[in-house]
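Beneath this line is the structure, given in C-alpha cells, with notes to follow.
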Amino acid sequence: MSIDNAVKENNAESLLSDIAITAELADYSPVKGCMVIRPYGYAIWENIQRILDKMIKDTGHENAYFPLLVPESFLQKEAEHVEGFAPECAVVTHAGGKELSERYVIRPTSETIINHMFSKWINSYRKLNQWANVMRWEMRTRLFLRTSEFLWQEGHTCHATHEESKEEVIKMIHVYEDLLHNYLALPIHIGEKTESERFAGAVSTFSIEALMRDGKALQAGTSHDLGQNFAKAFDTTFTDSENKLVHVWQTSWGVSTRLIGAVIMGHHDEVGLILPPKIAPYQVVIIPILKKNLDNTKVLNQAKLFHKELTDLGLRVKLDDREQISQGIKFNEYEQKGVPLRLVIGERDLENGCVELHRRDIRSKEKDIQIAGLIERIVRLLDEIQSGLFTRALEYRKENTKIVKNIAELDSVLDSKSLGFARAMWNGDVELERILKEKFSASIRCMPLRPELPSDHPCIISGTVSPQNREILIAKAY
RNA sequence: CGGGACAUGGCUCAGCUUGGUAGAGCGCUUCGCUUGGGACGAAGAGGUCGCAGGUUCAAAUCCUGCUGUCCCGACCA
C-alpha cells in the first residue's frame, strides 16, 4: 500500500512499515521479529542517545555495561519477575558444542544481573545506566514499536529510603517528558499504571503515554518503583545510620528504539515521515540545480558555501550534488525521509541573489528568499518547525481527548475512527479493565499525575462520587 | 498461537482459475535529445518464480509441509 493510501485509510499497521521502509529507517532481517536499523534510522537513535545520555549523566547517573547473558536461575529469584518474563525469554542451552550445565537467558531486562552486582558494590555504585540491546520473544512484531530485539537504555538505582527511591522514579519520568516534549515534539501524559499493567516485579510503574496520529496510545517510556523486591531477592543491603543492615530501595527506568516508532506514528503525512529538527539526521538538505554538460561551478560553490556556513553553526546538513539524479527525484526522496528544510539553489537564483526554501512540516515553498540573512532565517525556521510540530501534536491530542461519565459514552469515543483518549474517574474495580479489554479492546493507559477532572466527577463504572476515586486515561494502545 | 491474505529481476506488480520455452512498468547500462517538481527516443543487462518435498512426459501455475511479511484476534513494552 502506498503511504498516501495508508494515511487516507488510516491503515496504521501498513503505514508504519511503509514509512520505515521507504524512508530507509529499517529493513526486515532474516530472523523473525528482528529488524536491521539502517544508517538513516540509526542516526535518529544516535541523536536521541546523545540528548538523553547527557540528561541521565546530568541527573547523577553513570554508564556501565552488563552482559547479554543472564543465568536462568537469577530470573527465578524474584517470583513476579520470572512469571512476567519467562514466556518471552530466549534461552541459551548449548555452547561450545555441548549442552550447558547452567542455562542462560538472553536478557529481557537487567534487574537481576545488576542486582547481583549491586549486592557486591553497594558502597561504591548506586546510580547506574546502561545502553544495551535486549530480547523479548514476541508473538506479533512491528518495526520499531515491537521487535524481538530492541535497543534501549535502562537505569538502575539504589536508595536508602522509599521516599528517596519514589522521588527518583518521578524525577526520571520527568526527564523522559523533557525528551519527548522538547526534542521528539511529542506531548505525553505522565501517569501511574494500574496493577495489571505494572512491570513484573515492581511496586508501582509510571509511564509516559503518547497519542499517535491514528488515535492509538503508545507507552513511550517507563519508570519503576521496585521497592525492596529485588533487593530482598538478591540480598542487596547496606548499613544504615543506625548501624543496621537493611535492604536498599530501588528504581529502574527505560526508553527504547520504540521512540523512533513514536516519531513515525506521531509525525507523518500522506508523503511520509516528518522529523523534528532536533533529532533529524539532516536538518537541512541543500539541492543545487545542476545542468548536465554545463559548467555548474558557480552553483556548486554557493551550495558548498551554504553547507559550510550551516555546518559551522553546528547544524546537520546534507549537500546532495549527485548529477545523474534529477532534482524532482531528490525533492521526493528527502520529503519521504522527513528532512525538515530543503534549500534549493540554481543559476537563476544566483543571478537574483536568492534561494528557494521548502518546509517539510507544512509543505510550504518560498521562492526568492534573499541570501542576505538566510542563515539566521534557517536557524529560526528550524525552531519554528520544532515547536510547530509539538503544537500540532498537542492540538491533535486535545481534539481527540473526551471526558466520559459512563461506559456508554465510551462507545462514541473508542468506536469512532478518531479513537483518542477518554478521561474518566474510576473506583479501582478491575471489572472495568475486563470490560475495556473485551468490549473495546482498550485499556487504562494510566492514572495521570496531573488530574484535570473535578472531584465530583462520577466513577465510570459505579456512577458514584468518592474521594477514593482516581482519574484515568483510557485508550486503545499499541 | 487461532482465522485470512501475500511471497515472481533492484522496486511495484501481472501471469496461476484451465500445467506446455518467465512478462510489464519503474530503476540500471550505453548513445542521442533534454534540464527550476519524478522528461523523451533507441539499444542492452538483469529472475534456480520464498524454501523443501510430492503429482506429472512437463510445475511460477496443482497438492503437502516449512519460513517470512501484512491484516483480524489472543498475548505483550
Side-chain angles (χ1 to χ4, degrees), chain A residues 1-3 5-6 9-18 20-22 24 26-35 83-89 108-109 134-152 154 193 196-200 202 205 207-210 217-224 252-259 261-262 271 287-294 296 299 323-336 342-352 354-356 358 363 365 367-368 437-438 441 443 445 476-478:
Chain A
M1 188 177 289
S2 71
I3 292 172
N5 284 336
E9 293 173 24
N10 197 12
N11 189 339
E13 303 300 342
S14 131
L15 181 66
L16 174 65
S17 51
D18 284 349
I21 300 290
T22 308
E24 297 182 337
D27 207 344
Y28 295 106
S29 85
V31 180
K32 178 180 164 61
C34 296
M35 67 173 171
E83 192 186 327
F85 279 109
E88 48 189 281
C89 282
T109 178
V134 287
M135 174 161 275
R136 298 178 187 177
W137 213 255
E138 297 292 344
M139 288 175 179
R140 192 170 157 191
T141 56
R142 297 162 186 162
L143 293 178
F144 290 109
L145 291 184
R146 181 174 292 105
T147 45
S148 289
E149 181 187 2
F150 56 92
L151 304 181
W152 79 346
E154 51 178 321
K193 286 291 192 183
S196 64
E197 300 262 332
R198 209 178 272 161
F199 175 76
T205 288
S207 72
I208 52 173
E209 301 284 331
L218 180 77
Q219 177 177 308
T222 48
S223 184
H224 312 291
S252 70
W253 26 273
V255 293
S256 72
T257 36
R258 172 179 265 192
L259 289 178
V271 175
I287 299 180
I289 304 294
L290 302 175
K291 314 247 181 191
K292 243 183 200 170
N293 306 323
L294 290 175
N296 292 307
V299 171
E323 281 187 36
Q324 63 279 23
I325 295 177
S326 77
Q327 61 271 12
I329 291 175
K330 290 179 187 174
F331 293 170
N332 189 250
E333 180 182 331
Y334 294 109
E335 282 168 28
Q336 287 183 327
R342 178 174 70 225
L343 172 57
V344 179
I345 175 140
E347 208 166 273
R348 212 180 296 158
D349 297 308
L350 221 50
E351 285 164 11
N352 300 328
C354 59
V355 297
E356 178 187 300
H358 174 273
R363 302 196 68 203
K365 186 160 69 177
K367 291 187 176 187
D368 305 328
K437 187 172 159 188
E438 288 177 7
S441 41
S443 53
R445 299 318 304 156
K476 295 191 182 184
Y478 275 98

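Being a predicted model, the structure only gives us computed values, none of them experimental. Naming convention: chains lettered A, B, ... in sequence-line order (proteins, then strands); numbering from 1 in each chain.
- Between Lys193(A) and Glu209(A) there is a salt bridge, since at least one side-chain N of the basic residue sits less than 4.0 Å from a carboxylate O of the acidic one.
- If you check the side chains of Arg445(A) and Ser443(A), you find a donor sitting under 3.5 Å from an acceptor.
- Distances from the side chain of Arg348(A) to the nucleotides G36(B), A39(B), G37(B) place G36(B) closest.
- Judged by Watson-Crick or G-U wobble contacts below 3.5 Å, the nucleotide A45(B) has no partner.
- C40(B) and C26(B) are spaced 15 Å apart, taking the C1' atom of each and rounding to whole Å.
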Might you list the N or O atoms of the protein lying below 3.5 Å from N or O atoms in nucleotides 65-69 of chain B, with each pair's distance?
from   : atom 1 : to       : atom 2 : distance (Å)
U69(B) : OP1    : Gly33(A) : N      : 3.2
U69(B) : O3'    : Tyr28(A) : OH     : 3.2

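- Taking the ring axis of Phe150(A) as reference, the NZ or CZ atom of Arg258(A) does not stay both within 45° of it and closer than 6.0 Å to the ring centre.
- Base pairing of C1(B): its partner is G73(B), meeting the Watson-Crick or G-U wobble criterion (both donor-acceptor distances under 3.5 Å).
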Using a cut-off of under 3.5 Å, enumerate the N/O to N/O pairs linking the protein to nucleotides 73-77 of chain B.
from   : atom 1 : to        : atom 2 : distance (Å)
C75(B) : OP1    : Lys437(A) : NZ     : 2.4
C75(B) : OP2    : Lys437(A) : NZ     : 3.4
C76(B) : O2'    : Glu88(A)  : OE2    : 3.3
C76(B) : O2'    : Glu138(A) : OE2    : 3.4
C76(B) : O2     : Arg146(A) : NE     : 2.4
C76(B) : O2     : Arg146(A) : NH2    : 2.8
C76(B) : N3     : Arg146(A) : NH2    : 2.9
A77(B) : O3'    : Gln219(A) : NE2    : 3.2
A77(B) : O2'    : Arg146(A) : NH2    : 3.4
A77(B) : O2'    : Arg258(A) : NH1    : 3.0
A77(B) : O2'    : Arg258(A) : NH2    : 2.6
A77(B) : N7     : Glu138(A) : OE2    : 3.4
A77(B) : N6     : Thr147(A) : O      : 2.5
A77(B) : N3     : Arg258(A) : NE     : 3.4

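- Residue Glu356(A) places no side-chain atom within donor-acceptor reach of the base of G37(B), judged by atom type and a 3.5 Å distance cut-off alone.
- Contact annotation for Lys367(A): no contact, since no heavy-atom pair falls under 4.0 Å across all strands.
- Comparing the same atom, C1', in A39(B) and in C16(B) gives a spacing of 37 Å after rounding to whole Å.
- For Asn332(A) and G37(B), a side-chain-to-base donor-acceptor distance below 3.5 Å is absent, hydrogens and geometry of angles not being considered.
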